[in-house]
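Remember, it's a predicted structure, so these values are computed and weren't measured experimentally.
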Amino acid sequence: MRIFVVNPGSTSTKIALIENDSTIFLENISHDVEELKQFRDFTDQFDYRVGSIRRMVNEHHLDMETVDVFAGRGGGLFPTEGGVYVIDDLLLRHSYEGVNGVRHPALLGPKIADAFAKIYGKPAYVVNPPDVDELQDVARVTGVKGIYRTIHLHALNLKETAIRHAQLSGKDYKDLRLIVCHLGGGISVSAHRNGKMIDGNDIAGGEGPMAPTRCGGMSVTTLLKCMEEKTPAEVKALCVKDGGFMSHFGTSDALEVFQRGQQGDRMARLVWDAMIYQITKEIGAMAAVLEGDVDGILLGGGLAHDDDLTEKIRSACGWIAPVSIYPGEFEMEAMAAGAMRVLRGEEEAKRYTGKPVWEGFDF
């Protein structure tokens, strides 16, 4: 079985051809920044990116007729439960438009996957989009009437890491209680129970630990003080791209910050340790969510390659549950794995309803 995967980024488009569990072709197509400037919006880049993919496919003589299914990175949808979703007209339109307010080139993924799928007469899917919302009810409530929590997490990587861990353990993901972390430019910490991601931090809203590009949680009064000096747009940018290491040091390169600390930069050392400290606090919070009954703590994402970080987390949190390391990102493999589960009959593809999975309590 062959899966063709498309993952558009800000200045690149990753593509992969995966056969069963093996990646037989992987390419990160870089797009010239000056060429991208000719487009008013990323939605205008569709033909440009499709053309880039076609050239790469032809250059490497990939036989697209042998592809069984196409998968595209997505987002921009109304909150939905986790799973594999058929790319139909409704999902395509909502993702492309970014109906939840998200604007990112990844939203082109379903449209590109759908275009190729129609050419070759094959199905197309989206797997665990960033819009996954499986919060338990008690996690939604805030102290302000009418204001409820929502979360945005690295759902694709978090779910895939949990599924892989379960398989390696010879168990079913639905039978495990896990704390799963994605440690990258943004940091997601989530609690999983019965195959659902029942709580976690809102990485797009400023919740949770500081990260290389994100400010992390701050008190409301601190935030208000910050807004005396910054515009709302600038404050929002601190939540998603200009906070964390970027704010402190003007770089999101975690290795650079770590090395600066090792070379005697006391502020770099302090900020590095503060990030780890905040991650461990969030892991502790998720342990409480799972009532202390935790089968494992899983660390994934690019920062999980760093031994200093992972060993400090293990030292601080190993008493909660065994800590397992799954360094790197599995986005391409995760999308293919989800599609593969559907092809094998292990999971049923879902239909996107176009309605938020949760719209309020009925009382």
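The heavy-atom pair separating I320 from A287 by the smallest distance is CG2-CB, 3.8 Å. Taking both residues in full, the closest heavy atoms of A166 and D172 are given as CB-C, 4.0 Å, listed atom of the first, atom of the second, then distance. Summarising the geometry of A316 relative to T280, their closest heavy-atom pair is CB-CG2, 3.7 Å, with the distance given to 0.1 Å. The nearest pair of heavy atoms linking G74 to L107 is O-CD1, 4.3 Å. The heavy-atom pair separating R49 from P105 by the smallest distance is NH2-CB, 3.8 Å. Closest of all the heavy-atom pairs between G208 and E282 is CA-OE1, 3.9 Å.
Rounding to the nearest 0.5 Å places CG of D137 at 11.5 Å from CD1 of I198. Here the CD1-CD distance, from I283 to Q278, works out to 12.5 Å after rounding to the nearest 0.5 Å. Summarising the geometry, atom CG belonging to D265 is positioned 10.0 Å from atom CD belonging to E256; distances are rounded to the nearest 0.5 Å. Between the CD1 atom in I24 and the CG atom in L17 there is a gap of 4.0 Å [rounded to 0.5 Å]. The distance from atom CH2 of W272 to atom CG of L309, rounded to the nearest 0.5 Å, is 5.0 Å. Note: M332 CE to T23 OG1 = 8.5 Å, rounded to the nearest 0.5 Å.
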Verdict with reasoning, K171 to D175, per salt bridge (Lys or Arg N to Asp or Glu O under 4.0 Å) = CA-CA 7 Å; K171 298 179 180 179; D175 295 330; over 6 Å; no

Passes side-chain contact (heavy atoms from CB on, under 4.5 Å), H165 versus S324? Steps please.
-> CA-CA 8 Å; H165 179 79; S324 300; 3.5 Å; yes

Which is it for L238 and M246 under the side-chain contact (heavy atoms from CB on, under 4.5 Å) test, yes or no, and what are the steps along the way?
-> CA-CA 9 Å; L238 289 174; M246 280 297 298; over 6 Å; no

How far apart are the C-alpha atoms of F4 and I15, what are their side-chain angles, what is the distance that settles it, and do they pass the side-chain contact (heavy atoms from CB on, under 4.5 Å) test?
-> CA-CA 7 Å; F4 189 82; I15 60 172; 4.0 Å; yes

Going through the checks in order, is the salt bridge (Lys or Arg N to Asp or Glu O under 4.0 Å) test met by R341 and E346?
-> CA-CA 5 Å; R341 290 193 293 272; E346 299 168 358; 5.6 Å; no

Would you please test R269 and Q262 for side-chain contact (heavy atoms from CB on, under 4.5 Å) and show each step?
-> CA-CA 7 Å; R269 184 77 242 181; Q262 292 293 95; 2.5 Å; yes

So Y148 and F361, ring-ring contact (aromatic ring centres under 6.0 Å, His included) or not? Walk me through it.
-> CA-CA 10 Å; Y148 297 100; F361 299 113; 5.7 Å; yes

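Within 6.0 Å of NZ in K312 there are more than 12 heavy atoms belonging to other residues, nucleotides or ligands. Taking a 6.0 Å sphere around CZ of R344, one finds it holds more than 12 heavy atoms contributed by other residues, nucleotides or ligands. Annotation for K350: atom NZ counts as buried by contact number, over 12 foreign heavy atoms lying within 6.0 Å. Applying the 6.0 Å contact sphere to CD of E348 captures no more than 12 heavy atoms from other residues, nucleotides or ligands. With a 6.0 Å radius and a threshold of 12 heavy atoms from other residues, nucleotides or ligands, R103 has its CZ atom above the threshold. The number of heavy-atom neighbours closer than 6.0 Å to CG of D89, taken from other residues, nucleotides and ligands shown, is 12 or below.
Listed for the E311 side chain is no donor-acceptor partner under 3.5 Å among the backbone atoms of D308. At distances below 3.5 Å, at least one donor-acceptor pair connects side-chain atoms of N20 with backbone N or O atoms of M1. With E81 contributing its side chain and V132 its backbone, the two residues share no donor-acceptor pair below 3.5 Å. Under a 3.5 Å cut-off, the side chain of T213 and the backbone N or O of G185 do form a donor-acceptor pair. Not a single donor-acceptor pair under 3.5 Å links the side chain of K196 to the backbone N or O of K174. Between the side chain of R177 and the backbone N or O of A191 there is no donor-acceptor pair closer than 3.5 Å. Formation of a donor-acceptor pair under 3.5 Å by the T142 side chain with backbone atoms of I147 is found in this model. In this structure a side-chain-to-backbone donor-acceptor pair under 3.5 Å is missing from Y352 to L90. Formation of a donor-acceptor pair under 3.5 Å by the N100 side chain with backbone atoms of L77 is found in this model. In this structure a side-chain-to-backbone donor-acceptor pair under 3.5 Å is missing from R2 to E19.
I179 pairs with exactly one of D295, I297, L299 by the side chain to side chain contact (heavy atoms under 4.5 Å, CB included) rule, that one being I297. None of H152, R73, H154, H104 except one satisfies the side chain to side chain contact (heavy atoms under 4.5 Å, CB included) rule with P130; the exception is R73.
Side-chain contact check for H192 and Y173: at least one donor-acceptor pair (N or O, by modelled atom type) lies under 3.5 Å. Neither side chain, S190 nor S188, offers a donor N or O lying under 3.5 Å from an acceptor on the other. Side-chain polar atoms of E65 and Y120 form no donor-acceptor pair below 3.5 angstrom. If you check the side chains of S12 and N28, you find a donor sitting under 3.5 Å from an acceptor. A donor-acceptor pair shorter than 3.5 Å cannot be found between the side chains of T251 and D253. Between the side chains of N157 and E329, no donor N or O sits under 3.5 Å from an acceptor N or O.
I325 is connected to L303 through a chain of hydrophobic side-chain contacts under 4.5 Å among Ile, Leu, Val, Met, Phe, Trp and Tyr, so both are in one cluster. Linking Ile, Leu, Val, Met, Phe, Trp and Tyr whenever their side-chain heavy atoms come within less than 4.5 Å leaves F245 and Y277 in two separate clusters. Criterion: ILVMFWY side-chain heavy atoms under 4.5 Å apart, direct or through other members. Under it, I112 and L62 are part of a common hydrophobic cluster. Under the 4.5 Å side-chain heavy-atom criterion for grouping Ile, Leu, Val, Met, Phe, Trp and Tyr, L92 is not connected to V50 through any hydrophobic cluster. A continuous path of ILVMFWY side-chain contacts below 4.5 Å connects F78 to L91, so both sit in one hydrophobic cluster.
At least one test fails for K122 against the ring of F70: distance under 6.0 Å to the centre or angle within 45° of the axis. Judged by the 6.0 Å and 45° rule, R351 forms no cation-pi pair with Y85.
S22 meets the side-chain contact (heavy atoms from CB on, under 4.5 Å) test with no other residue; sequence neighbours excluded.
Residue pairs meeting the salt bridge (charged side-chain N to carboxylate O under 4.0 Å, His left out) criterion with at least one partner in residues 204-225, sequence neighbours excluded, are R149-E207.
Looking at F46 and F42, their side chains never come closer than 4.5 Å, going by heavy atoms from C-beta outward. When side chains are defined from C-beta on, I29 counts as touching H31, because their heavy atoms get closer than 4.5 Å. Side chains of I18 and M335 form no contact here, defined as non-hydrogen atoms less than 4.5 Å apart.
Salt bridge annotation for E160-R164: present, with a cationic side-chain nitrogen under 4.0 angstrom from a carboxylate oxygen.
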